[in-house]
**Q** 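After the structure tokens below, expect a handful of questions from me.
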Amino acid sequence: MASTYNDILERLRFHLRQFTGPDVEITAQTDLINELAIDSVKLLNLIMEIEDEFDISVPINALADVQTVHELVNLIQRIKVARQ
Amino acid sequence: MSLLDKLDAVAAARKALLPEGVEVFGMPIDEIYSSTEAKIGDHRILFLGTNNYLGLTFAPECKQAAHEAIESEGTGTTGSRMANGSYIGHRALEHELADFYHCHSCIVFTTGYQANLATISGLAGPGDVVLIDGDSHASIYDGCRLSGAEIIRFRHNDMADLDKRLRRLGERSRSTLIIAEGIYSMLGDKAPLAEIVELKNAHNSILLLDEAHSLGVLGHTGQGLVEETGLIDEVDFITGTFSKSLGGIGGYCVSNHPQLDQLRYISRPYIFTASPTPATIASTRAALKLLRDGTQLRSQLWDNVHQLYSDLQQLGYRLGPEPSPVIATILDSPQQALALWKGLLENGIYVNLILPPAAPEGSSLVRCSVSAVHTREQMNFVGQAFAKVREVLSK
């Protein structure tokens with residue numbers, strides 16, 4: 001069964017927490033690069049964590065269109081649906 | 001943000017990290033004395049960061065071959081091989097490299113960077129997958145991007161991770177190119193080739209091994225990791241460079257797959273670049289002979305490697321996981337790395353400074369590359385300088 005948007009968002013928040021203090025709120029609109037200061041190398045390592053968390057393959061080429069948490073959740077959801 | 005604003009942001013980031021007046025990247029070298037010594041400003045310095053593993057940049061045979069080639073064929077080819085033709089030297093070097101590896105085919109490229117760009121983008125395309133080690137060189141990343149294939153990374157030298165990612169791909173692993181390196185340029189560690197080969201066979205994938213840092217360094221005749229492990233027949237494509245052990249510039253791909261030759265017609269980094277100059281080809285051919293017969297040079301190189309690795313370990317430096325001609329000292333912060341780099345330069349030693357995001361896992365590195373022609377006195381001098389700087393930095 002496909003994960004819901006909110007389920008993916010919640011699991012993703014857990015992985016994003018490493019880039020920020022506990023008081024910072026991570027929402028769907030949070031900008032990964034400008035607000036969480038995730039540089040290119042950190043993003044690539046985050047993607048490997050996401051692949052393991054959701055048991056999917058995320059091509060790093062697909063990250064060109066990802067700026068916000070919302071866009072990352074959508075990408076994960078698309079890949080999970082395509083795999084089914 | 002405008003185009004030029006982006007460059008201003010780069011300048012600001014660089015200024016924040018590095019002090020004014022210190023040319024860390026692109027150091028002006030005023031005179032070259034030999035394979036291992038040069039003049040910077042008013043100081044004589046020892047090269048310990050130049051990848052000149054066999055010290056062949058001043059080999060008389062290579063210099064003479066280059067001189068003769070300029071005399072007989074001129075300074076350049078002024079165009080690509082597709083347009084301007086393949087000189088005798090281009091064809092001869094390809095034949096000699098194929099013979100060196102006992103392989104069916106070889107293509108020579110203008111730089112090592114282009115060898116990876118051309119080979120990867122020629123082999124893989126949209127709809128395919130490239131599965132690359134997380135510590136891969138930029139030329140591998142860029143080749144993958146140029147290919148249009150889906151790029152998946154596995155954790156550096158982690159075979160369980162590679163297996164997991166191949167399994168996830170399912171049937172797509174059959175159209176997957178796995179890419180690893182003989183010796184990794186950042187930490188100097190080797191790829192676990194036997195396990196990679198096992199996985200690539202189990203998943204029916206294709207394997208490309210980049211021997212840029214291991215050519216001339218590993219194996220009895222210097223073929224690289226494929227020779228050290230006896231697995232040359234299991235690796236589908238081998239790329240490498242002329243700019244390290246061979247002391248020139250250029251790159252190659254060898255393979256027993258006859259399809260390699262088709263890259264000459266589809267691979268843009270091969271087609272749309274001027275071919276290597278006659279002097280480059282001639283010096284590389286001479287260097288390849290020296291490399292092939294260079295058992296003594298390799299023995300000297302490894303003696304120097306073991307001495308420096310052991311000296312630095314005893315001094316308490318944190319190092320890459322195994323002795324290799326690339327010896328990386330790992331520092332906790334860019335400031336510490338910069339201080340070590342500056343301290344060594346002030347003591348007459350030039351090494352490489354590698355800062356995030358170029359260094360793996362957020363670390364900062366001061367990277368040494370050892371040469372066969374570093375003398376025992378020079379290696380002792382290096383050990384003393386590292387000791388002196390460590391003492392100053394720990395105060």
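Keep in mind that what you see is a predicted model, and the values were worked out from it rather than measured. Each chain gets a letter, A, B and so on, in the order its sequence line appears, and its residues count up from 1.
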**Q** Nearest 0.5 angstrom please: A:Ile60 CD1 to B:Ile132 CD1, how far?
**A**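 So the gap between those two atoms works out to 5.5 Å.
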**Q** Which bit of A:Ile47 is near chain B, if near means a heavy-atom gap under 4.5 Å: side chain, backbone, both or neither?
**A**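 Neither part.
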**Q** In terms of heavy-atom contacts, does CD of B:Glu198 have more than 12 from other residues, nucleotides or ligands at under 6.0 Å?
**A**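 Not buried by this count: 12 neighbours or fewer within 6.0 Å.
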**Q** Is it the case that over 12 heavy atoms from other parts of the model lie below 6.0 angstrom from the CZ atom of B:Arg318?
**A**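 Result for CZ/B:Arg318: enclosed.
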**Q** Of the backbone (N, CA, C, O) and the side chain (C-beta and beyond), which part of B:Ala149 lies under 4.5 Å from a heavy atom of chain A, both, or neither?
**A**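 For B:Ala149, the backbone is the part near chain A, not the side chain.
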**Q** List, with distances to 0.1 Å, the donor-acceptor pairs found between chain B and chain A - the cut-off being under 3.5 Å and no angle criterion applied.
**A**
from, atom 1, to, atom 2, distance (Å)
B:Ala149, O, A:Asn61, ND2, 2.7
B:Ile151, N, A:Asn61, OD1, 2.9
B:Ile151, O, A:Ile60, N, 2.8
B:Arg153, NH1, A:Leu44, O, 3.2
B:Arg153, NH1, A:Asn45, OD1, 3.3
B:Arg155, NH1, A:Asp52, OD2, 2.8
B:Lys164, NZ, A:Asp52, OD1, 3.4
B:Lys164, NZ, A:Asp52, OD2, 3.3
B:Arg165, NE, A:Glu51, OE1, 3.1
B:Arg165, NH1, A:Asp52, OD1, 3.4
B:Arg165, NH2, A:Met48, O, 3.1
B:Arg165, NH2, A:Glu51, OE1, 3.1
B:Arg165, NH2, A:Asp52, OD1, 3.4
B:Arg168, NE, A:Asp55, OD1, 2.8
B:Arg168, NH1, A:Asp52, OD1, 3.3
B:Arg168, NH2, A:Glu51, O, 3.3
B:Arg168, NH2, A:Asp52, OD1, 2.9

